[in-house]
There are 2 protein chains.
Amino acid sequence: MTGAQRPTLEAVARRAGVSRATVSRVVNGSTTVAEPIQEAVRQAVAELGYVPNLAARTLVTQRTDSIALVMPEEATRVFSDDQVFPGIIRGAAQELEAADKQLVLMLAGSPAGHERVERYTTGRHVDGVLFASLHGADPLPAKLAALGIPVVCSGRPLDGADIPYVDVDQVAGVTRAVRHLIDGGRRRIATIAGPQDMVAGIERLTGYRETVTAAGLPEMVAVGDFTRESGAAAMRELLADHPDLDAVFAASDLMAHAAMRTLREAGRRVPDDVAVIGFDDIETAAYTDPPLTTVRQPIVELGRQGTRLLLRLAAGEDVEPALILPTELIIRESA
Amino acid sequence: MTGAQRPTLEAVARRAGVSRATVSRVVNGSTTVAEPIQEAVRQAVAELGYVPNLAARTLVTQRTDSIALVMPEEATRVFSDDQVFPGIIRGAAQELEAADKQLVLMLAGSPAGHERVERYTTGRHVDGVLFASLHGADPLPAKLAALGIPVVCSGRPLDGADIPYVDVDQVAGVTRAVRHLIDGGRRRIATIAGPQDMVAGIERLTGYRETVTAAGLPEMVAVGDFTRESGAAAMRELLADHPDLDAVFAASDLMAHAAMRTLREAGRRVPDDVAVIGFDDIETAAYTDPPLTTVRQPIVELGRQGTRLLLRLAAGEDVEPALILPTELIIRESA
DNA sequence: TTGTACGCGTTATCAT
DNA sequence: ATGATAACGCGTACAA
């Protein structure tokens with residue numbers, strides 16, 4: 001029982017004994033239609049099970065009622081148990097639901113994928129584009145903005161493009177974490193930094209550097225890419241280079257988790273010998289051994305606010321150039 | 001520098017000195033166009049930066065080139081560090097990318113959300129719908145199928161509807177896990193079951209029951225909802241009811257993780273006093289203390305295969321009624 | 001307040 | 001092989 005012709009505006013009009021235009025008005029909530037007629041139309045709509053054809057509507061209104069969420073897809077990272085990207089998806093979905101718009105999810109990992117995203121978004125097939133933290137200085141956001149397409153980034157764009165963005169106050173969060181270590185008497189504080197082609201990686205390292213330097217303490221840095229594997233490798237590197245370290249700030253909880261395990265394997269006790277602090281506050285953080293002290297970022301809220309900003313932009317409003325959300329230091333037992 | 005009119009087929013045609021129809025043919029890869037003309041058209045397309053208007057195309061072709069991925073959204077579950085849903089998203093995205101189609105993500109948690117999904121999908125705004133594991137006996141898949149809309153479920157539909165689905169062999173996976181416990185000499189094997197309104201929860205419990213019963217062992221069951229919190233509560237319940245248990249099979253890694261912690265807090269050693277096995281093999285499983293023995297399910301592959309099935313269905317092919325993927329017992333140190 | 005008529009950009013059906 | 005031309009379903013000036 002397939003292809004039963006979908007009813008069109010025309011069919012509803014016939015049924016209700018009015019013109020297409022009137023039906024269109026009722027469907028779109030115009031107030032200039034007499035009440036009894038509205039009622040008749042609504043009845044016909046219900047009887048026929050009429051649903052507007054979005055393609056036709058888009059063709060004339062030039063709106064698609066959908067926005068794209070673009071995420072970098074490193075095969076291994078985006079959907080490991082890192083909760084950052086899922087959190088952003090969820091926040092965006094919530095906000096779009098309220099606005100009755102669709103979420104088109106695009107992964108832009110491979111060059112082919114990136115090309116595809118570019119084709120799709122520049123083709124104006126969406127009303128706006130929300131970029132989740134990109135790698136390097138991707139020129140696409142600026143390109144879209146130049147085309148007049150609403151764009152918002154999650155995380156400050158690295159190429160300095162003048163694109164509205166939402167982010168958490170990375171430096172402040174890291175500063176609080178490192179201060180906490182210092183206040184706890186730690187003096188040889190290392191860091192496992194995030195990837196230096198992502199703004200979150202860069203800023204968290206900056207926060208570390210500024211804070212230890214201001215305290216007159218030495219810098220000890222190893223670089224990872226936010227994953228557990230990289231965290232373990234970085235921790236081994238730090239232990240080899242600085243066997244006397246007494247604390248580690250890791251730029252992600254996953255790296256912190258792996259670092260704790262590596263420390264234990266090396267015979268160091270956490271936090272007695274080495275204190276560890278992470279960043280993110282993923283759910284697992286409360287279940288590590290010992291439970292992880294970490295900097296919580298409101299990741300779902302980031303997705304929501306970014307989407308809200310985008311919707312306002314798409315509605316033609318002026319928006320603030322940046323929206324910075326606060327972080328919170330969650331003190332558990334690892335530091 | 002905004003709204004610069006997008007070039008249309010008409011503009012390209014003028015530029016290339018041919019008709020709209022010819023440009024359309026070239027753009028859509030028809031072979032019946034003379035080579036030199038093809039070249040001229042392609043040049044014009046490139047110069048003008050022409051991109052087809054999808055709405056116009058959809059209007060006439062009746063295809064949208066997008067499919068919907070519908071997920072239940074329990075505020076807490078879908079995007080916690082459970083990797084099931086992100087994994088399905090990723091698999092679907094990969095497969096759709098290859099097919100050059102878009103992924104429209106819809107969360108159907110609230111009644112309002114569910115209603116929205118229904119409106120959108122029945123409105124034929126997508127070429128097909130992939131449902132991620134649903135709660136209870138949702139009538140929507142069957143309703144869509146009755147409308148002739150291609151539908152595939154991830155996980156067997158609970159209402160017995162005749163919808164094609166993909167799933168892993170839950171019972172076989174659980175059986176292997178419980179057997180492993182029995183082979184290791186365990187005789188008082190409890191389970192922390194998943195929610196009994198989801199097919200994965202039901203089947204994993206079935207697998208447990210069948211296996212322990214076949215071995216002449218007693219059943220000890222507590223029910224959770226796949227989350228850590230519920231796992232901890234269930235473990236406490238089991239300890240209270242059956243203090244002499246010597247093994248636990250948990251229907252998710254998150255619950256297994258929490259169970260291990262609860263066991264330790266109760267003074268039981270894992271695996272010496274109580275062996276623990278989970279289900280999923282999320283990344284964290286390798287990093288728990290001790291590392292978790294678990295049943296791995298190929299979750300990304302599930303998303304891929306489901307999407308592939310859906311695409312074939314949308315292409316008018318006949319497809320097999322079900323596709324069952326194998327699981328694998330990953331033996332680590334908890335059992 | 002309601003209806004008429006046009007146009008949105010594309011593909012498909014015919015002729016040629 | 002190519003070009004007119006008619007849909008596709010809707011929103012909206014404009015007319016009544």
Side-chain angles (χ1 to χ4, degrees), chain A residues 3-42 44-45 48-66 100 119-120 122-127, chain B residues 3-42 44-45 48-66 100 119-120 122-127:
Chain A
Q5 270 318 37
R6 291 179 54 187
T8 71
L9 217 46
E10 179 69 39
V12 176
R14 268 199 306 274
R15 177 110 180 184
V18 297
S19 73
R20 276 212 309 274
T22 297
V23 178
S24 175
R25 290 189 185 102
V26 173
V27 169
N28 292 297
S30 165
T31 53
T32 70
V33 178
E35 185 49 51
I37 295 201
Q38 286 199 34
E39 193 44 49
V41 170
R42 265 192 278 274
V45 166
L48 269 46
Y50 168 77
V51 184
N53 181 316
L54 287 196
R57 177 180 281 171
T58 295
L59 195 53
V60 45
T61 61
Q62 309 276 39
R63 286 177 305 117
T64 65
D65 287 329
S66 65
D100 202 26
R119 262 195 358 253
Y120 194 74
T122 58
R124 284 215 160 60
H125 301 317
V126 287
D127 294 343
Chain B
Q5 271 318 39
R6 290 180 55 187
T8 72
L9 216 49
E10 178 69 41
V12 177
R14 268 201 306 274
R15 177 111 179 185
V18 297
S19 74
R20 274 210 309 271
T22 298
V23 177
S24 176
R25 286 194 260 267
V26 173
V27 169
N28 292 296
S30 165
T31 53
T32 69
V33 177
E35 185 50 51
I37 295 202
Q38 286 199 34
E39 192 44 50
V41 170
R42 265 194 277 275
V45 165
L48 268 46
Y50 168 76
V51 183
N53 181 317
L54 288 196
R57 176 178 285 171
T58 294
L59 193 55
V60 46
T61 60
Q62 309 274 44
R63 285 177 305 115
T64 64
D65 287 329
S66 65
D100 202 26
R119 263 195 359 252
Y120 194 75
T122 58
R124 284 217 159 62
H125 301 318
V126 288
D127 295 342

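Values reported hereafter were calculated over all heavy atoms of this structure, with side chains retained and with hydrogens, waters and symmetry mates removed. The sequence lines fix the lettering, A, B, ..., with proteins before strands; numbering per chain opens at 1.
- Residue-level contact check: B/Leu54 touches neither bases nor backbone, having no heavy atom under 4.0 Å from any strand.
- Distance, B/Glu10 CD to D/dG3 C1': 12 Å, rounded to whole Å.
- Separating the CG atom of A/Asp65 from the C1' atom of D/dG11 is a distance of 13 Å, rounded to the nearest angstrom.
- Between the CG atom of B/Leu9 and the P atom of D/dA7 there is a distance of 19 Å, given to the nearest Å.
- Residues B/Arg57 and B/Leu54 form a side-chain contact, since some pair of their non-hydrogen atoms from C-beta on lies under 4.5 Å apart.
- Rounded to an integer number of Å, the gap from CG of B/Asn28 to P of C/dA12 is 7 Å.
- Within the structure, a side-chain polar atom (N or O) of B/Thr22 is placed less than 4.0 Å from OP1 or OP2 of D/dG3.
- Closest non-hydrogen pair, B/Leu59 versus A/Ala55, comes out as N-CB, 4.0 Å.
- With distances taken from any side-chain atom of B/Arg25 to the nucleotides C/dG3, C/dT11, D/dT2, the minimum falls on D/dT2.
- Closest heavy-atom contact between B/Val126 and B/Thr64: CA-OG1, 3.3 Å.
- Residues B/Gly123 and A/Val51 share a closest heavy-atom pair of CA-CG1, 3.7 Å.
- For the pair A/Val33 and A/Val26, the tightest heavy-atom approach, listed with the atom from each and the gap, is CG1-CG2, 4.0 Å.
- The interatomic distance linking B/Arg57 (CZ) with C/dA12 (C1') rounds to 14 Å, in whole Å.
- Among all heavy-atom pairs drawn from A/Arg119 and B/Asp100, the shortest one is NH2-OD1, 3.2 Å.
- The separation between A/Arg14 atom CZ and D/dG9 atom C1' is 13 Å, rounded to whole Å.
- Applying the ring pair (Phe, Tyr, Trp, His ring centres under 6.0 Å) rule to B/Tyr120 yields the partners B/His125; only residues at least two apart in sequence or on another chain are considered.
- For A/Arg63 and D/dC10, the CZ to C1' distance is 12 Å, given to the nearest whole Å.
- Listed candidates were D/dG11, D/dA1, C/dT2. Nearest to the side chain of B/Ala34 is D/dA1.
- Between the CG atom of A/Leu48 and the P atom of D/dG9 there is a distance of 14 Å, rounded to whole Å.
- Remark: A/Ser24 is not in phosphate contact with D/dC10, judged by side-chain N or O atoms under 4.0 Å from OP1 or OP2.
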Could you list all N or O pairs between the protein and nucleotides 5-8 of chain C that sit under 3.5 Å apart?
residue	atom	partner	partner atom	Å
C/dC6	N4	A/Arg20	NH2	3.4

